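For reference, the structure is listed below as structure tokens.
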Protein chains: 2
Amino acid sequence: MLEVRPQPESGPARSNAQAGLSIAEAARRTGVSVHTLRYYERAGLVVTPVERTHGGQRRYCQLDLDWITVCTKLRATGMPIRVIRRYAQLVSAGHGNERERLALMEAHRADVLAKLAELQENLELIDHKIDVYRGRLAAGDADRLWAPTR
Amino acid sequence: MLEVRPQPESGPARSNAQAGLSIAEAARRTGVSVHTLRYYERAGLVVTPVERTHGGQRRYCQLDLDWITVCTKLRATGMPIRVIRRYAQLVSAGHGNERERLALMEAHRADVLAKLAELQENLELIDHKIDVYRGRLAAGDADRLWAPTR
DNA sequence: CTAGGATTTAGAGCGTGCTCGAAGTCAGGC
DNA sequence: GCCTGACTTCGAGCACGCTCTAAATCCTAG
């Protein structure tokens, strides 16, 4: 009946056995579905394997949630799963690859800036159309721009 | 051998028979593939049926190109094909539906603004990561943030 | 101990937006 | 008139990112 598992926290600090959140709670906190959480894991987006109970159920710690949040933010900026996986590999490989991580992020930043510019540019068309329609409605005028004038 | 068909323009003004550009030239000018041009037509995005030669080949006029450009700009802002089709239906229906067109565009504008805000917000994470990696590289320091610290 | 909701897996399914292919037709320079 | 490259239709294929399913297992309140 609607378990919440708000971190029993019986042991000392963390990395214990039964500590951590259920996948449902992790999904709630990260804003993605449990399906997506499992999919991300299968897709190789995780940096550190999520802990499991004795029986094999996932138990998420804060670090896991934080990383998933990073993933969702990267996804929200349009980074493909494949690239996030690459990034996750670099991160979990540890030090020594900062240059590649930097290159990856800089490339993605360029993509995002380009996307922003494109959105902003094309927003002008939308604004223009809105202006036109507002004007016509205000004037009670009828349309005759894109109608079959042929 | 690489026909260009730069508007023979034999008749008076337009809407003639053999006037208009081939699909290849239309694709070149609008920046989409011929496949996509045909797909858009099939998908019901056209406002006015593209003219055809006696033999059934498409001949695009400037109005067609302009409309396709509108479609690509709407696509570039993330408007789904289905919504563009609806918009095209409204436009080709002629006057009297400005209110609905306006509502459609205003809703889309809101979507675009939300997307812009989301991109900009998540860009901060990217910038932060870039800062971090640049700092580490500058300091010659090694990574220890997302490494398996467990 | 038990009941029953939550979780597990691997794989299939889906929605979107193209992109391609096959087999046949057309157009226009020679 | 003919040859060849461009064009036609329309259904299949594809890449992506989830989303769902089924059958089995787990976990915990009672």
Side-chain angles (χ1 to χ4, degrees), chain A residues 1-8 10 17-28 30-46 49-60 64 68 71-86 88 111, chain B residues 1-8 10 17-28 30-46 49-60 64 68 71-86 88 111:
Chain A
M1 161 174 297
L2 197 63
E3 284 309 312
V4 181
R5 296 197 66 52
Q7 225 148 344
S10 55
Q18 294 300 74
L21 309 170
S22 71
I23 193 171
E25 182 61 14
R28 201 189 59 74
T30 56
V32 303
S33 72
V34 296
H35 299 291
T36 300
L37 280 181
R38 288 192 277 247
Y39 164 67
Y40 280 1
E41 197 172 312
R42 264 197 291 175
L45 303 197
V46 295
V50 174
E51 288 195 52
R52 301 290 186 127
T53 63
H54 169 69
Q57 297 196 355
R58 292 171 182 81
R59 285 295 114 93
Y60 291 82
D64 297 322
I68 291 162
C71 289
T72 61
K73 283 171 186 240
L74 292 176
R75 282 291 306 124
T77 53
M79 183 182 280
I81 294 290
R82 155 184 35 92
V83 177
I84 302 182
R85 173 166 50 232
R86 176 70 189 137
D111 289 348
Chain B
M1 158 170 307
L2 197 62
E3 285 309 309
V4 181
R5 296 199 64 51
Q7 228 147 341
S10 54
Q18 294 300 73
L21 308 171
S22 72
I23 192 171
E25 181 62 16
R28 200 188 61 73
T30 56
V32 302
S33 71
V34 296
H35 301 291
T36 300
L37 281 182
R38 288 191 278 249
Y39 165 68
Y40 280 1
E41 197 172 314
R42 263 197 292 175
L45 303 197
V46 295
V50 174
E51 289 195 50
R52 301 290 185 126
T53 62
H54 168 69
Q57 298 197 357
R58 293 172 181 80
R59 283 297 114 91
Y60 291 83
D64 297 322
I68 291 162
C71 289
T72 60
K73 284 173 185 235
L74 292 177
R75 282 292 306 123
T77 53
M79 184 182 280
I81 293 289
R82 155 183 36 90
V83 178
I84 303 182
R85 173 166 50 231
R86 176 70 189 136
D111 289 348

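Computed from a prediction, not measured in an experiment: that's the story for all the values here. A, B, ... follow the sequence lines: proteins, then strands. Residue 1 opens every chain.
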- Message: Test your reading of the model: is there a side-chain donor-acceptor pair from A/Arg59 to the backbone of A/Val50, 3.5 Å cut-off?
- Response: no
- For A/His35 and C/dT7, what is the distance between atoms NE2 and P respectively, to the nearest whole Å? 11 Å
- How many Å lie between CD1 on A/Ile84 and C1' on D/dC16, as a whole number? 12 Å
- Taking atom CD1 of A/Ile23 and atom CD of A/Gln57, what is their separation to the nearest 0.5 Å? 9.5 Å
- Given D/dT8, is OP1 or OP2 found less than 4.0 Å from the side-chain N or O atoms of B/Arg38? yes
- Task: Rounded off to whole Å, could you give me the CD-to-P distance for the B/Gln57 and D/dG5 pair?
- Result: 15 Å
- Starting at atom OH of A/Tyr40, determine the distance to atom P of C/dT9, rounded to an integer number of angstrom. 18 Å
- Message: What's B/Arg58 touching, base or sugar-phosphate or nothing? Going by heavy atoms closer than 4.0 Å.
- Response: sugar-phosphate
- Task: For C/dT16, take OP1 and OP2 only and decide whether either is under 4.0 Å from a side-chain N or O of B/Arg75.
- Result: no
- Message: So if I take every side-chain heavy atom of B/Ser33 and compare against C/dT19, C/dT7, D/dC26, which nucleotide ends up nearest?
- Response: C/dT19
- Output the single nucleotide from D/dC7, C/dA27, D/dT9 whose closest atom is nearest the side chain of B/Thr53. C/dA27
- Item | Residue whose nearest DNA chain D nucleotide is more 5′ - A/Arg42 or B/Arg42 | B/Arg42
- Query: Taking only side-chain nitrogens and oxygens of B/Arg59, does any of them come within less than 4.0 Å of OP1 or OP2 of C/dC26?
  - Reply: no
- From D/dC18, D/dT19, C/dG17, pick the nucleotide closest to the side chain of A/Ile81? D/dC18
- Query: Of A/Gly56 and A/Met79, whose nearest nucleotide on DNA chain D comes first from the 5' end?
  - Reply: A/Met79
- Interatomic distance where CD belongs to B/Glu41 and P belongs to D/dC7 [whole Å]: 14 Å
- Spacing between B/Leu37 atom CG and C/dT19 atom C1', to the nearest angstrom: 13 Å
- Task: Measure from the side chain of A/Ile23, starting at C-beta and using heavy atoms only, and say which of C/dC18, D/dT9, C/dT8 lies closest.
- Result: C/dT8
- Message: Rounding to an integer number of Å, can you tell me how far A/Tyr39 OH sits from C/dT9 P?
- Response: 16 Å
- Look at the side chain of A/Arg82 against the base of D/dG17 and say whether a donor-acceptor pair falls under 3.5 Å; ignore hydrogens and angles. no
- Message: Quick one: does any side-chain atom of A/Thr36 pair with a main-chain N or O of A/Val32 as donor and acceptor, under 3.5 Å?
- Response: no
- Once you round it to whole Å, what is the distance between C1' of C/dG17 and CG of B/Leu45? 11 Å
- Message: Nearest 0.5 angstrom please: A/Leu21 CG to A/Arg58 CZ, how far?
- Response: 14.0 Å
- Task: Indicate yes or no: at least one non-hydrogen side-chain atom of B/Met79 is less than 4.5 angstrom from one of B/Lys73.
- Result: no
- Message: Does a side-chain N or O of B/Thr36 approach OP1 or OP2 of C/dT19 to a distance below 4.0 Å, or not?
- Response: yes
